[in-house]
2 protein chains.
Amino acid sequence: MANINEVAKKAGVSVATVSRVLNSPNVVTPRTKAKVEDAIKKLNYEPSMLGRNLRNSESRLLLVLVPSISNPFYIDIIKGIEQSALDQNYNILLCETDSNPEREEIYFDLVRKKMADGIISMDPAVNIETLKELSKQYAIIQCSEYSEESDIPYVTIDNEEAAYRAVKHLIKLGHQEIALFNSNEKYLYARERKEGYMRALQEYGLPINDEFIIMTDQLNFDSGIEATKRIMNLKDRPTAIFSVSDLLAVGALKEMNRTGVKVPEEMAIIGFDNIEFSNMTYPTLTTIAQPMYQLGTVAANMLIEKVNGGEVTNTILNHELLIREST
Amino acid sequence: MANINEVAKKAGVSVATVSRVLNSPNVVTPRTKAKVEDAIKKLNYEPSMLGRNLRNSESRLLLVLVPSISNPFYIDIIKGIEQSALDQNYNILLCETDSNPEREEIYFDLVRKKMADGIISMDPAVNIETLKELSKQYAIIQCSEYSEESDIPYVTIDNEEAAYRAVKHLIKLGHQEIALFNSNEKYLYARERKEGYMRALQEYGLPINDEFIIMTDQLNFDSGIEATKRIMNLKDRPTAIFSVSDLLAVGALKEMNRTGVKVPEEMAIIGFDNIEFSNMTYPTLTTIAQPMYQLGTVAANMLIEKVNGGEVTNTILNHELLIREST
DNA sequence: TTGAAAGCGCTAACAC
DNA sequence: GTGTTAGCGCTTTCAA
């Protein structure tokens, strides 16, 4: 528990020199350096980041805001963020908002109180007004979900195009009646994916049936089951489902298995996200793969750049259609 | 970006008074309090945790060490930790070691450098020697996995008993040939669960067949598939599988589905952990539910107690057998 | 190349 | 009830 003073005394130098050995070793003579390093070792000295951070007015902590860590979609993104952060001597504060505004405020307070140097927001339900306000003073990046008119830099994929390709894939397979399991359209990605869905149908002259468009409140397994029940109760059933989330699609798959509907023969299903689990289901799930790890590394790099006063440009990453057993 | 000095000046009081308004509002007169609060508002002042933390020699950050956030087993534990931490004004630094000793060292350095006040370790592969060394100086709690002779407090479940009950359940269903998908026995939980497995077999006079005991290196989906292939290639096949991890069991399920083996009629499967996904599979998975959220809250409370100099006792929480469709 | 000293923003002991 | 002041551990400017 020695501090820099004790090290300085033991080595017979000033604290400034100890600090130099730690931070710019090349400006001190090898001889002094050796003395200091010796003292450090003998005293088992570990520099305190509390002192350093106060002096440098930084925390070297990055806030990562996710709606829920239960959603595997975020896992690889987080891994990417963490790797980039570590590479640049930052650490991440992973914050789960649970779409709870109070929690969100607690986390926002961390940056106001200088406990975090910046924010990567991935929460579609984030209070965008507060975020905009904060972005005037602090470094903020939006990852995956973003608000167009916020002026806050973002990294994402082309959701409209991805949805378009997914639906086109179903149409080419011969499907004409295609359901859409969508999220609440207050979210940008939901609107964009719906547009892609409609563009594909229109391009092939297929009618848009409103009964086939199900809006779910949550992107989870149970919502997928429920949405499936609703379309299976229609007298005119679709033959394929495009779901904007793998979790929803897994629910659909489960309901098909339960009721004995054969996938993909009687019902084709396509998901979105390529969560790890989508390859473990029976049958495996066709899905849109987002470059999640890369979304994470890019977001982290952008944020760190911004924290250091740099300028940053919006980025659109590529996606990919993974054709597996469910279509 | 005002600091405490500016607030004091604006309010016409000393910095000490400002600090008091912030930390023990009841010791200042309502009049001064009002003046200070007014100044705070006008200046948009936010107290800096950097200054406060240095002064208090604390970071109010708790390090949470997990092998991988991909394993859903840890998700609810983390949620529990986070809730308890927030309730007591702490935040968590979620650290994924990926069983990489270098990463682990980076994270350990965080506590050595005072960036974290303590550690909750859930990594079975943690370097226990380093952990023991650190525990002399810093607050550490082991959660779920622990080392018996480390003297580091832990919270966990009775793994032997849980495994015993799982296997007994299979035996009562009439199974006599039961495979064990286990983890590497260098881990305590693996040894304990194997003991429970053997105790159940012995109690019912069933022979122990070494061919039925598969050791997997990783607790993941692919290992589950591989283990299943191995037992299905035996000329004398078991009729049931007890897997020490749901992820492994999900792999087994998938392989059964692929090869057309009916679950549970031709092969019963039981998992361990009750990860969210175990209820989404086809068929749903019988499993041992650990009280994960509670493991998290208890671990966090123990750690905070220890950080504050308190004494803490080891805790064993209850588990539960969840019988679903796979048995 | 090195040292002295100021100061990052805060809390708390002490004095009044 | 409030103010003065020292100091938490560090970095960096300035001077030597």
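We name chains A, B, ... by the order of the sequence lines, and we start the count at 1 in each one. Everything quoted here is computed from the prediction, not taken from an experiment.
- C:dG9 atom P lies 14 Å from atom CD of A:Glu58, rounded to whole Å.
- For B:Ser59 and B:Asn53, the side-chain atoms include no donor-acceptor pair closer than 3.5 Å.
- In this structure, A:Arg20 and B:Arg31 both approach DNA chain D, and ranking their closest nucleotides by distance from the 5' end singles out B:Arg31.
- Between B:Thr29 and the phosphate of D:dT2, there is a side-chain N or O to OP1/OP2 separation shorter than 4.0 Å.
- Rounded to whole angstrom, the span from the NZ atom of A:Lys113 across to the C1' atom of C:dG9 amounts to 14 Å.
- B:Val13 comes within contact range of the sugar-phosphate backbone alone, with a heavy-atom separation under 4.0 Å but no base atom that close.
- Just one of B:Gln142, B:Lys132, B:Glu129 meets the side chain to side chain donor-acceptor pair (under 3.5 Å) condition when paired with B:Ser150; it is B:Gln142.
- Here A:Leu54 lies in heavy-atom contact (under 4.0 Å) with a base.
- Distances shorter than 4.0 Å separate some side-chain N or O of B:Thr17 from OP1 or OP2 on D:dG3.
- Phosphate contact (OP1/OP2 of C:dG9, side-chain N/O of A:Ser57, threshold under 4.0 Å): absent.
- Using a 4.0 Å heavy-atom cutoff across all strands shown, A:Asn56 reaches sugar-phosphate atoms only and no base atom.
- Here B:Asn23 lies in heavy-atom contact (under 4.0 Å) with sugar-phosphate atoms only.
- Salt bridge annotation for A:Lys79-A:Glu82: absent, with no cationic side-chain nitrogen under 4.0 angstrom from a carboxylate oxygen.
- Straight-line distance from the OH atom of B:Tyr45 to the P atom of C:dG9: 9 Å, rounded to whole Å.
- Residue-to-nucleotide contacts include no donor-acceptor pair under 3.5 Å from the side chain of B:Arg55 to the base of D:dG9.
- Proximity of a side-chain donor or acceptor of B:Asn100 to a complementary backbone N or O of B:Glu102 within less than 3.5 Å is detected.
- Side-chain atoms of B:Arg112 and A:Asn44 include no donor-acceptor pair closer than 3.5 Å.
- Side chain of B:Ser14, nearest nucleotide from D:dC14, D:dC10, D:dG3: D:dG3.
- In this structure, B:Ser48 reaches the sugar-phosphate backbone alone: every heavy-atom distance under 4.0 Å involves primed, P, OP1 or OP2 atoms, never a base.
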